[in-house]
A.B. asks: 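Right, I'll just put the structure down here and ask away after.
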There are 2 protein chains.
Amino acid sequence: MSETTRGPKAGKTVTLREVSEAAGLGMSTVSRVLRNHGSFSAETRARVIQVVDELGYVPNRVAGALASAGSNLVGIVIPSLHNIVFPDLLSGAGRSLDPLGYQSVIGVTDYDLGREEVLIQSMLAWRPAAFLVVGLEHTEKTRSMLVGSGVRVAELLDTDGEGIDLVVGFSQHKAGAASARHLLEKGYRRIGYIGPAFDADSRSAKRYEGFRTVLSQSGIALADMELIAGTSSTEAGRAALERLLARGKKLDAVYFSNDDFAMGGLFHCIVSGISVPSQLAIMGFNGLDIGRFAPQPLTTVMTPRAEVGEIAASLILEGGPPTVVEVAFELIAGATS
Amino acid sequence: MSETTRGPKAGKTVTLREVSEAAGLGMSTVSRVLRNHGSFSAETRARVIQVVDELGYVPNRVAGALASAGSNLVGIVIPSLHNIVFPDLLSGAGRSLDPLGYQSVIGVTDYDLGREEVLIQSMLAWRPAAFLVVGLEHTEKTRSMLVGSGVRVAELLDTDGEGIDLVVGFSQHKAGAASARHLLEKGYRRIGYIGPAFDADSRSAKRYEGFRTVLSQSGIALADMELIAGTSSTEAGRAALERLLARGKKLDAVYFSNDDFAMGGLFHCIVSGISVPSQLAIMGFNGLDIGRFAPQPLTTVMTPRAEVGEIAASLILEGGPPTVVEVAFELIAGATS
DNA sequence: CACTAAAATGGCAGCGCTGCCAAATACAGC
DNA sequence: GCTGTATTTGGCAGCGCTGCCATTTTAGTG
C-alpha cells in the first residue's frame, strides 16, 4: 500500500484540469474529446488521448454525474440470488446494458417489500438512469418515490396488474393456468401443490391462483398442499414432498412452484420407489437446464427471464413510452407427467 | 410520465438547501443530522427529520461523494452468473455490505480478462470504496489501475499466487489435489477429466494441475480428457461424457471441473445404463445443493464461496492490512465414487 | 455572576466535471 | 482581400453536498 512509482502518477489522482494543462488545451476541449461530443480536430483528439494515456487519467464520473445531472448507473432490484431466475435476469439485462456502457447497481430484497423500499431509496440517491425491479407489488412509499423521482422504471416478470411505467414479463396467472390444464389433460385429478409461503413470493402466489382457478373450472379442488418457508432448494422440495405424501391424500400429481423444489420432489420419488409419472406425476416451473437434461426430463414451464431482462433494459434506455410487453413462456411436456 | 401531484413535491428534486430553508436551519446542520455525524440537539434532529419527510427529500449521494471524495459503492467483478458459485459469492458479500449501507456495482466478465480491465476502469470512475474481484490473474493494466487508484482490493476464491492487497479464498491447486487423492484412495486408476477450456477459467485450470500432480506422484497419468467450450451446464457435461467414453479408453472414474458438468455426466450414465460407481465413478466440484440431495449423492468438494464473499467484504471495509485469508473447502464423499 | 469549556450551529470554499456562451480560428464565395 | 459562415476552442458558473472554521449558545464552575 505504499507504492511510489506504480502506475503512471500513482498516489495523487489525476484530474481533468491537469490533463488539460499538460495538453495545453482548455478543460472543455478535453472533456469534449473524452466524451466524443461536440466538435474538435483530429490532432486535438490525438493529443488528448496521448496525454490521458501518459498520465493514466481516469475520469471522475461522480463529478460528471453531478454536473450533468445524469449517471450511467442502472439500479436493479431482485428478490434473491438463490433462484436461478434472477441471475439469468441480470445476465439478460447485462446484454443490453454493457454495450451502452451502463453499469448495474444491484440490490437483493429477500422477498421483503420493506427492504425493497430501503434499497430503492438508497439507490435513488445515486440518481440512476433507470430502475429495473421485479414484480408489480411494492409498498406505497416505493411507488411514490419511484414516480416522484422521474426515473424510468421497468417492472419485470409479471404482467398481472398495474405497472408504474414499463412492464416486461408474462402473466404468472396464465402460466399457472396452463400448468393446470396440462395436468388435467393428462388425466390427473388428485393434485397437490408445493411452493413457498404465499405472502413471500407474490408471483408464485399468482401462479397458484391461476392453477387453482383452472382446476375449479373443471370442478376439481386442490387435493392438498404444503408450503415451504425459506429458500428454494432441492433439499426443501424433497422434504416437502415427503411431508405431503405422508398425509396420505392419495395424490396422483404434484405441481411445484419451481424446478428446484420439483427436482427435490423427483428425487424423493426415486428414493422412495414411487414411480413417476405412473404413481405420481411431477410438474415444475422455470425450465432449469438440469431438469430438462435429466434422464427423465421434468415437465415444466420455460420462462423467458433472460429475454425479459434484455428487452426491459433496452426499452427503458431507449426512452419509449410506458408500455406492457408480453414475452411468451413455453410449457415443456417432459417425462414426469 | 406527466405526474403533477404524485409524491411530495414531484417533478423538481428537493435539495439540501431547500430542506434547510424549510427547517430554518443551516445546510451544514441538516447535513450533520442526516449523516448522524457531529453534534446537534434532539429537537433539531426531530425538526430535520420531519421536514425531510414532508418534502420527500432524497439526499444526492453524487454530490456527497464528490464533496467528501468517497462513496458507499463497492465494485464487484465476477466471471459469470451462470455458475452458482458467483451468485453465492455476491450473496455472501451482501451479508457484509448491506448492514453497513454499501451498495454493489456488479460487472460480469465472461471469463475475459480484457473485459475485466474495461469493467474495472469504468467502475473506478465512480471512485468505489473497495473492489472485489475474482482470482489472481489480471492484465498488467488492470493491476496497475487497481494499485494506482489507491482503492482497497480483495481478490477472491484463489490463493495460489501473488495478490495485490487482500486475498480471500482457498487453494484451487489443493482442492484438485484432494480430489485426486480421494479417487486414488478409492482405487480408481484409469481416470478422465472433463472441464472448461484451460485458458478460459484459470481456477479450474489450477484444480486440474493439482489433480494431475497428485496422479503423477502415484505414477499415474490422466487417461483421457475432454474440454468444453462455453457455459457450465448439465447439457454440456452430459454430451462431454458421452464423447469421452466414446473414445473407448476404458475409464473407471471421471473428474469433472464442476457439479453442473458432473450432474450431466451422471445423467448420461443413468441413461446409458452405466452403473455408478461400479462401472464408472463420478466426482464433481462445488457442492451444489442438487448434487448433495440427489438419490445418489454426488461426490464433490464443497466450496465456501458465500463465506469468502462475506469475509472479504467485511475485511476490506474494516481497513486492516493486506493479508491472505484461507477459508477451508470440504471434500464430500458421496455415492458416486 | 463573571468566566471557561463544551455543544450546537452557520458560512463558505471547493470537490471535478459539464453546459452554455463567447472568442478565435478556419474556410468559403465574391 | 474581405465579409459571412462553420468549425474549434476557452472561460466560467454552478451541480449539491461536505469539511473546515468561526460564531453563537448552553452548561458548568468557583
Side-chain angles (χ1 to χ4, degrees), chain A residues 9 12-49 51-52 55-73 101 122 124-129 149-150, chain B residues 9 12-49 51-52 55-73 101 122 124-129 149-150:
Chain A
K9 206 143 197 170
K12 187 79 186 73
T13 42
V14 186
T15 67
L16 223 215
R17 151 159 282 117
E18 302 179 60
V19 174
S20 76
E21 281 166 2
L25 291 163
M27 286 172 62
S28 14
T29 304
V30 176
S31 172
R32 254 167 283 159
V33 172
L34 259 24
R35 285 176 298 149
N36 200 34
H37 179 271
S39 60
F40 44 82
S41 70
E43 318 154 63
T44 302
R45 179 200 180 76
R47 179 101 193 88
V48 168
I49 290 176
V51 174
V52 161
L55 265 42
Y57 170 69
V58 177
N60 185 335
R61 268 195 213 272
V62 178
L66 180 60
S68 68
S71 76
N72 68 339
L73 298 176
S122 62
L124 225 28
W126 284 99
R127 307 292 131 109
S149 71
Chain B
K9 206 142 198 172
K12 187 80 187 70
T13 42
V14 185
T15 68
L16 224 214
R17 151 158 283 118
E18 302 179 60
V19 173
S20 76
E21 281 166 3
L25 291 163
M27 286 172 61
S28 12
T29 304
V30 176
S31 173
R32 254 167 283 159
V33 172
L34 259 23
R35 284 176 299 149
N36 200 33
H37 179 272
S39 59
F40 45 81
S41 70
E43 318 154 62
T44 301
R45 180 200 179 76
R47 178 102 193 84
V48 168
I49 289 177
V51 174
V52 161
L55 265 42
Y57 170 68
V58 177
N60 184 336
R61 269 195 212 273
V62 178
L66 180 61
S68 68
S71 77
N72 68 339
L73 298 177
S122 62
L124 225 30
W126 283 100
R127 306 291 132 108
S149 71

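Note on naming: letters A, B, ... go to the chains in the order of the sequence lines (proteins, then strands), and numbering restarts at 1 for each one. What you see is a predicted model; the values in this text were computed from it and never measured.
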A.B. asks: In terms of side-chain heavy atoms of B:A63, which of C:dC17, D:dC17, D:dT8 is nearest?
C.D. replies: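 Per side-chain heavy atoms of B:A63, the pick is D:dC17.
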A.B. asks: Please check this pair: side chain of A:R32 against backbone of A:S28, looking for a donor-acceptor N/O pair closer than 3.5 Å.
C.D. replies: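 Checked: pair present.
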A.B. asks: Could you tell me which residues satisfy side-chain hydrogen bond (donor to acceptor under 3.5 Å, both in side chains) with A:S31, sequence neighbours excluded, listed by chain and number?
C.D. replies: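 Counting only residues at least two positions away or on another chain, A:S31 forms a side-chain hydrogen bond (donor to acceptor under 3.5 Å, both in side chains) with A:R35.
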A.B. asks: Using side-chain hydrogen bond (donor to acceptor under 3.5 Å, both in side chains) as the criterion, list what pairs up with A:S71, not counting sequence neighbours.
C.D. replies: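 Partners of A:S71 under the side-chain hydrogen bond (donor to acceptor under 3.5 Å, both in side chains) test: none.
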A.B. asks: Please report the shortest heavy-atom distance between A:V51 and A:A22, naming the atom on each side.
C.D. replies: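 Minimum heavy-atom contact is CG1-CB, 3.8 Å.
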A.B. asks: Check every strand shown and say whether A:S20 touches a base, only sugar-phosphate, or nothing at a heavy-atom separation below 4.0 Å.
C.D. replies: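 Touches nothing.
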A.B. asks: Starting from P on D:dC15, measure out to CZ on A:R127 and report it in whole angstrom.
C.D. replies: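 That distance rounds to 14 Å.
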A.B. asks: Please report the distance, rounded to the nearest Å, between CD in B:E43 and C1' in D:dT25.
C.D. replies: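 Computing the B:E43:CD to D:dT25:C1' distance gives 12 Å.
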A.B. asks: Looking at A:S41, does any N or O in its side chain come under 4.0 Å of the phosphate oxygens OP1/OP2 on D:dT8?
C.D. replies: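 A:S41 to D:dT8 OP1/OP2: no side-chain N or O under 4.0 Å.
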A.B. asks: Report the distance from atom CG of B:L25 to atom P of C:dA8, rounded to the nearest whole Å.
C.D. replies: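 From B:L25 CG to C:dA8 P: 13 Å.
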A.B. asks: Which sits closer to the 5' end of DNA chain C, B:G38 or B:L66, going by the nucleotide each is nearest to?
C.D. replies: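 Upstream on the strand: B:G38.
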A.B. asks: Only counting residues at least two apart or in another chain, list the ones meeting salt bridge (charged side-chain N to carboxylate O under 4.0 Å, His left out) with B:R17.
C.D. replies: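 Residues passing salt bridge (charged side-chain N to carboxylate O under 4.0 Å, His left out) with B:R17: B:E21.
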A.B. asks: Nearest to the B:M27 side chain among D:dC17, C:dC17, C:dA8, which nucleotide is it?
C.D. replies: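 Of D:dC17, C:dC17, C:dA8, D:dC17 is nearest to the side chain of B:M27.
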A.B. asks: Can you check the B:L124 CG to C:dG16 P distance for me, whole Å?
C.D. replies: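 Distance, rounded to whole Å: 15 Å.
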A.B. asks: Considering only nitrogen or oxygen atoms on both sides, find all protein atoms under 3.5 Å from nucleotides 19-21 of chain D and state each distance.
C.D. replies:
residue: D:dG19; atom: OP2; partner: B:R35; partner atom: NH1; Å: 2.7

A.B. asks: In this structure, how many angstroms lie between the P atom of D:dT23 and the CZ atom of B:F40, rounded?
C.D. replies: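 Rounded to whole Å, this separation is 24 Å.
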A.B. asks: Kindly say if A:T15 contacts the phosphate of C:dG16, meaning a side-chain N or O under 4.0 Å from OP1 or OP2.
C.D. replies: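 No, no such contact exists.
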A.B. asks: Rounded to the nearest Å, what distance is computed from the CG atom of residue A:L34 to the C1' atom of nucleotide C:dT18?
C.D. replies: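 For the pair A:L34 CG and C:dT18 C1', the rounded distance is 12 Å.
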A.B. asks: Any side-chain N or O of B:S31 less than 4.0 Å from the OP1 or OP2 oxygen of D:dT18?
C.D. replies: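 So the side-chain polar atoms of B:S31 do come within 4.0 Å of the phosphate oxygens OP1 or OP2 of D:dT18, strictly under.
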A.B. asks: What nucleic acid atoms does A:G70 come within less than 4.0 Å of, heavy atoms only: base, sugar-phosphate, or nothing?
C.D. replies: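 Touches nothing.
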A.B. asks: Whole-Å distance between C:dG16 P and A:R17 CZ?
C.D. replies: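 The answer, rounded to whole Å, is 10 Å.
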A.B. asks: Under the rule for side-chain contact (heavy atoms from CB on, under 4.5 Å), what residues qualify as partners of A:S39, not counting sequence neighbours?
C.D. replies: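 For A:S39 there are no side-chain contact (heavy atoms from CB on, under 4.5 Å) partners, ignoring immediate neighbours.
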A.B. asks: Residues two or more places apart in sequence or in another chain: which of them pass side-chain contact (heavy atoms from CB on, under 4.5 Å) with B:A129?
C.D. replies: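 Residues passing side-chain contact (heavy atoms from CB on, under 4.5 Å) with B:A129: B:Y102.
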A.B. asks: Send over the distance from A:L16 CG to C:dG14 P, rounded to a whole Å.
C.D. replies: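 The distance from CG of A:L16 to P of C:dG14 comes to 19 Å, rounded to the nearest Å.
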